[in-house]
**Student:** 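Please read through the structure below; I'll follow up with questions.
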2 protein chains.
Amino acid sequence: MHPRIIDTLKRSQLSVTDSRKKILELFLERKAALAHADIEQHSGDEFDRVTIYRTLQTFVEKGILHTIPSADNAVRYALCKDACTEGHHHDNHVHFMCDLCGTTYCLDHVTVPSVQLPAGYQVHQIDLVASGTCIKCQ
Amino acid sequence: MHPRIIDTLKRSQLSVTDSRKKILELFLERKAALAHADIEQHSGDEFDRVTIYRTLQTFVEKGILHTIPSADNAVRYALCKDACTEGHHHDNHVHFMCDLCGTTYCLDHVTVPSVQLPAGYQVHQIDLVASGTCIKCQ
DNA sequence: AATATTTTGCAACACAGTTGCATTTGCATA
DNA sequence: TATGCAAATGCAACTGTGTTGCAAAATATT
């Protein structure tokens, strides 16, 4: 088991349960973002659907995961680089979705450029999702 | 009825039907993006749910509408500025979602700044969605 | 080890979106 | 303007996604 798992859970004041350990491990193993369905597949029928939903929700609330918007009605989740504090604004990094293999990446080191909006719009958050062909699919 | 409706449909080689006219009119009247549910509400029970889904799909295929990604699992649709040609790359404009009233705007005149991605990622499209407080909710 | 708290699994539900097929509508052509 | 064909619609049924309440089980606390 990945050494960071127990730590991460305790730091977020969450009790350490099988499903949380397993789901967190999945995210740590893979570099890419995962949708609920991916997790359901990779964990077999070990956990109830509802448990997975609740675990994801909890992780987002605690700043362990963040969501990535998409136009295909499938919210993806990815690890926050360093478990952000609660009520966080994460550092705004760019996301990349591969049209071919469907993998979604967090490009942690690419920051979202600032945008000049018309007067009257107060921006709290900016999401930038690029799509195209990823490294592996070239 | 808005004068552009029949034109737009014919230019896209679509037959002119009640549902298409009505749905297109909704988009032309309002400046904001609409989700399926919004359309269902505003058209009463005039059309079947399925018809609305199919009409939206068709409009997207023909480049009359485009989709706006979001993190809340509710795809919104908005008019393409000038009915784009099929197999289009639209001009990349910015979208704005108001956290308070939920309205989604197409900021047609704000273009997405270019982003420098790591080598190996080929970008075909970029979506930038800002969220915060809109003009009306200040 | 015993108790309090949290999490899980199950059942049931609400909503979103899709598919197949029979019926209706729109369009082209005579 | 009537006729026939292609396309769009409505209905029923279904899949998938996400939520809620509650009893049972696991975890944390003493």
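This one's a predicted model, so the numbers in the text were calculated from it and none came from an experiment.
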**Student:** Rounded to the nearest angstrom, tell me the gap between atom NZ in A:Lys62 and atom P in C:dT6.
**Tutor:**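 Going from NZ in A:Lys62 over to P in C:dT6 covers 11 Å.
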
**Student:** For B:Arg49 and for B:Asp18, find the nucleotide of DNA chain D with the closest heavy atom, then tell me which residue's nucleotide is more 5'.
**Tutor:**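 The residue whose closest nucleotide sits nearer the 5' end is B:Asp18.
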
**Student:** Nearest whole Å is fine: how far is C:dT18 C1' from B:Ile52 CD1?
**Tutor:**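 It works out to 15 Å between those atoms.
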
**Student:** Can you find an N or O donor on one side and an acceptor on the other, under 3.5 Å apart, linking the side chain of B:Arg54 with the base of C:dG17?
**Tutor:**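 No pair found.
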
**Student:** Where do A:Val50 and A:Asp48 come nearest, in terms of heavy atoms and distance?
**Tutor:**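 The answer is N-OD2, 2.9 Å.
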
**Student:** Rounded to the nearest Å, what distance is computed from the CG atom of residue A:Asp45 to the P atom of nucleotide C:dT8?
**Tutor:**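 Between P of C:dT8 and CG of A:Asp45: 17 Å.
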
**Student:** Do the ring planes of B:Tyr105 and B:Phe96 sit parallel (below 30°), tilted (30 to 60°) or perpendicular (above 60°)?
**Tutor:**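 Geometry flag for B:Phe96 against B:Tyr105: tilted rings.
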
**Student:** Take A:Ser19 and B:Leu14, find for each the nucleotide of DNA chain C with the closest heavy atom, and name the residue whose nucleotide sits nearer the 5' end.
**Tutor:**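 Result of the comparison: A:Ser19.
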
**Student:** Could you state the interatomic distance from NZ (A:Lys62) to CG (A:Leu9), rounded to the nearest 0.5 Å?
**Tutor:**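 Spacing of NZ (A:Lys62) from CG (A:Leu9) equals 11.0 Å.
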
**Student:** Which sits closer to the 5' end of DNA chain C, B:His36 or A:Arg20, going by the nucleotide each is nearest to?
**Tutor:**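 Nearest nucleotide further toward 5': that of A:Arg20.
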
**Student:** Return yes when atom CD of A:Gln116 has more than 12 non-hydrogen atoms of other residues, nucleotides or ligands closer than 6.0 Å, and no otherwise.
**Tutor:**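 No, because the 6.0 Å sphere around CD of A:Gln116 holds 12 heavy atoms or fewer from other groups.
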
**Student:** Would you say B:Gln138 has more than 12 foreign heavy atoms packed within less than 6.0 Å of its CD?
**Tutor:**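 Counting other residues, nucleotides and ligands, CD of B:Gln138 exceeds 12 neighbours.
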
**Student:** Tell me the interatomic distance from A:Asp48, atom CG, to C:dT7, atom C1', rounded to whole angstroms.
**Tutor:**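 So the two atoms are 12 Å apart, to the nearest Å.
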
**Student:** Side chain of B:Val16, heavy atoms from C-beta onward: which of C:dT8, C:dT18, C:dC27 has the nearest atom to it?
**Tutor:**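 Nearest listed nucleotide: C:dC27.
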
**Student:** Taking heavy atoms of chain B and a 4.0 Å limit, find me the 5'-most and 3'-most nucleotide of DNA chain D within that range.
**Tutor:**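 The contact span of chain B on DNA chain D goes from D:dA7 to D:dG18.
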
**Student:** For B:Thr58, answer base if it contacts any base atom (sugar-phosphate contacts may also be present), sugar-phosphate if it contacts only those atoms, and nothing otherwise; contact means non-hydrogen atoms under 4.0 Å.
**Tutor:**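 B:Thr58: no heavy atom of the nucleic acid under 4.0 Å.
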
**Student:** For A:Tyr53 and C:dA12, what is the distance between atoms OH and P respectively, to the nearest whole Å?
**Tutor:**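 Spelled out: OH on A:Tyr53 to P on C:dA12 is 19 Å.
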
**Student:** Is A:Val129 linked to B:Ile126 within one hydrophobic cluster, defined over Ile, Leu, Val, Met, Phe, Trp and Tyr using a side-chain heavy-atom separation of less than 4.5 Å?
**Tutor:**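 Shared cluster, no.
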
**Student:** If you look at every strand shown and take non-hydrogen atoms under 4.0 Å, does A:Glu40 touch a base, only sugar-phosphate, or nothing?
**Tutor:**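 Here A:Glu40 touches no strand at all.
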
**Student:** Using whole Å, report how far CG of A:Asp72 lies from C1' of C:dT18.
**Tutor:**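 Answer to the nearest Å: 15 Å.
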
**Student:** Side-chain N or O of A:Thr17 less than 4.0 angstrom from OP1 or OP2 on C:dT6?
**Tutor:**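 No, outside the criterion.
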
**Student:** So A:His36 and A:Tyr53, would you call those rings parallel, tilted or perpendicular, with 30° and 60° as cut-offs?
**Tutor:**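 Parallel: the ring planes of A:His36 and A:Tyr53 meet at under 30°.
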
**Student:** C:dC27, OP1 or OP2 - any side-chain N/O from B:Ser15 closer than 4.0 Å?
**Tutor:**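 Answer no for this pair, as no side-chain N or O of B:Ser15 is under 4.0 Å from OP1 or OP2.
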
